[in-house]
Structures are given as structure tokens and as C-alpha cells.
Amino acid sequence: MKKGGYKLFIEAAKWHKIRALANNASIDYQWKNTNLGIYKLLKREYYSTRNLLRIYYKHHFYTSFIILVAKSLGKMIYGFRFGINYGSIFLKKKFALRDFIKNQYGELKESS
């Protein structure tokens, strides 16, 4: 790394020690973001999904469009893995699909 002109800001040994102290040094450990289910971030997900659908469709990126729809539907279902409350909140992504189909852009309207 040093030969390429890069600097290492965090040493692996120190990082592993910090993880061990936090009881997450297992090989099977997966970091879980503490921001899951926060409404503000969910709104960002809504706008990102809705706008990407519009861009992909407008520019005839149909494969990407289908993958995004499938991924969004999968995420809505997968959200229930973390509990009913989180799954219910994440299910609101359906509004992005609904608003794309209805060609509604602007503020998120949660009523059906």
C-alpha cells in the first residue's frame, strides 16, 4: 500500500481488538445497521426507488427496471424477518411502486 502512495488509517489488529471488546469478533458476525426502520431513511428509500424506476423506464433500461422492481418487492417481504413492526414500516416502499404506476411525483402521499 505504501508503495502506491496510500496511507493506512486503521490497522486491522486494532480494529479486531475493538470488535473483540464489543463481542462481535466472530467469523459469523454480521454488522446490523442501527438505522433500520427510521422513517426519515425510509422516505429516502422511497424517493430513490421511485426515481430510479422512472429513469430506468424512460431510458429503456428494462432489465434494470425489472431487477429493481423484483428487489423492491423482495425487500418488502424480507423486512418481516426483523419483526412485524419493521416489516410493516418497510412495506411502505409499495408507495414508490404505486406512485410510479400512477405517474405521481412530488411529496409522498401515504393514503391509498
Expected list for residues 58-78: side-chain donor-acceptor pairs under 3.5 angstrom, two or more places apart:
| unit_1 | atom_1 | unit_2 | atom_2 | d |
| --- | --- | --- | --- | --- |
| H60 | ND1 | Y62 | OH | 2.7 |
| S72 | OG | L68 | O | 2.9 |
| K75 | NZ | E45 | OE2 | 3.2 |
| Y78 | OH | R81 | NH1 | 2.8 |

*asked:* List the residues meeting side-chain contact (heavy atoms from CB on, under 4.5 Å) with I84, not counting sequence neighbours, and say none if there are none.
replied: F80, S88
_Using every non-hydrogen atom in the two residues, find where Q104 and R50 come nearest and quote the distance to one decimal._
O-CD, 3.8 Å
